Student: 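Below: one structure in C-alpha cells.
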Amino acid sequence: MSWNLVYRFVKRIPRGCVVTYGQLARALKLPGGARTAGRAMFACPSGRGVPWHRVVGAGGRILIREPHASLQRRLLESEGARFDGLRINMAEHQWKPGRSAKKTGRGSRR
DNA sequence: CATCTGACGACCG
DNA sequence: GCGGTCGCCAGAT
C-alpha cells in the first residue's frame, strides 16, 4: 500500500497542530478507517521529515506505547502544544485540512 | 492458505 | 472514567 499519501498528508500538518488517526483515514478515504491510518504510521519511515508525532488517537490521546509515547508528547510540547493530562488540547491543536492557508484570524500569535 | 497481531474508533455496561 | 467487544485491513509467520 502506498502510505506515501499518508506521509504527504502528515507532512503538511503545521507545527503545533495534530490530527487523529480517524481524521487522517477519513481525509484520505483510507479503507479500514483509523486502523489503516495507524498501520501507515507504524510503517512511517523515520528521519524523512514526517512529523508522525502530530498524529494522535481520538480525543487527542497518545495511543502508542513507550518509549515512543513520551517522545511524542515531548515533541508536541516542544512545538507549543498544551497537554491536559494524558490528552492534548484538541480544541486548540486539532488541525483541519483546508485551514492551512486560513489566516490566523484571532490574535493567535506566537 | 490459516492465524495472529497491530500507532484505531465507536459503542455499551 | 474504565474495560470489553466488534469491525476492518495489511503484513508477517
Side-chain angles (χ1 to χ4, degrees):
Chain A
M1 188 77 21
S2 309
W3 302 129
N4 196 341
L5 293 295
V6 184
Y7 302 146
R8 198 161 19 166
F9 188 88
V10 174
K11 279 183 187 173
R12 58 183 281 188
I13 300 175
R15 178 172 168 276
C17 292
V18 296
V19 290
T20 67
Y21 293 99
Q23 223 187 337
L24 193 54
R26 270 186 132 177
L28 300 177
K29 293 193 188 91
L30 298 178
R35 254 341 235 290
T36 306
R39 281 204 62 69
M41 296 317 291
F42 183 72
C44 176
S46 323
R48 304 265 169 209
V50 183
W52 59 271
H53 55 272
R54 290 185 189 146
V55 184
V56 296
R61 295 189 323 207
I62 291 183
L63 306 172
I64 58 185
R65 306 191 196 224
E66 302 285 348
H68 297 90
S70 299
L71 177 62
Q72 178 171 28
R73 175 167 178 164
R74 201 177 121 119
L75 289 167
L76 287 170
E77 289 182 310
S78 179
E79 295 185 343
R82 300 185 351 188
F83 268 83
D84 180 35
L86 296 176
R87 302 242 188 137
I88 188 175
N89 191 330
M90 294 300 278
E92 294 296 316
H93 304 291
Q94 182 167 120
W95 177 64
K96 288 162 186 192
R99 295 223 173 197
S100 42
K102 201 61 169 172
K103 174 172 88 94
T104 47
R106 303 211 34 282
S108 57
R109 92 190 84 79
R110 208 260 179 110

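Quick caveat: nothing in here was measured; it's all calculated off a predicted structure.
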Student: Of R87(A) and W3(A), whose nearest nucleotide on DNA chain C comes first from the 5' end?
Tutor: R87(A)
Student: Determine yes or no for a side-chain-to-main-chain donor-acceptor pair under 3.5 angstrom, with Y7(A) supplying the side chain and C44(A) the backbone.
Tutor: yes
Student: For the pair made of NZ in K29(A) and P in dC9(C), what is the distance, rounded to whole Å?
Tutor: 17 Å
Student: Do the side chain of T36(A) and the main chain of L30(A) share a donor and acceptor less than 3.5 angstrom apart?
Tutor: no
Student: Are R82(A) and E77(A) within salt-bridge range, i.e. N to O under 4.0 Å?
Tutor: no
Student: Give a yes or no on whether I13(A) and F83(A) share a hydrophobic cluster (residues Ile, Leu, Val, Met, Phe, Trp, Tyr; joining criterion: side-chain heavy atoms under 4.5 Å apart).
Tutor: yes
Student: Protein within reach of the bases, or only the backbone? For nucleotides 2-8 of chain B, mark each nucleotide 5' to 3' as B, S or -, using heavy atoms under 4.0 Å.
Tutor: ----BBB
Student: Centre-to-centre under 6.0 Å for W3(A) and F9(A), is that the case here?
Tutor: no
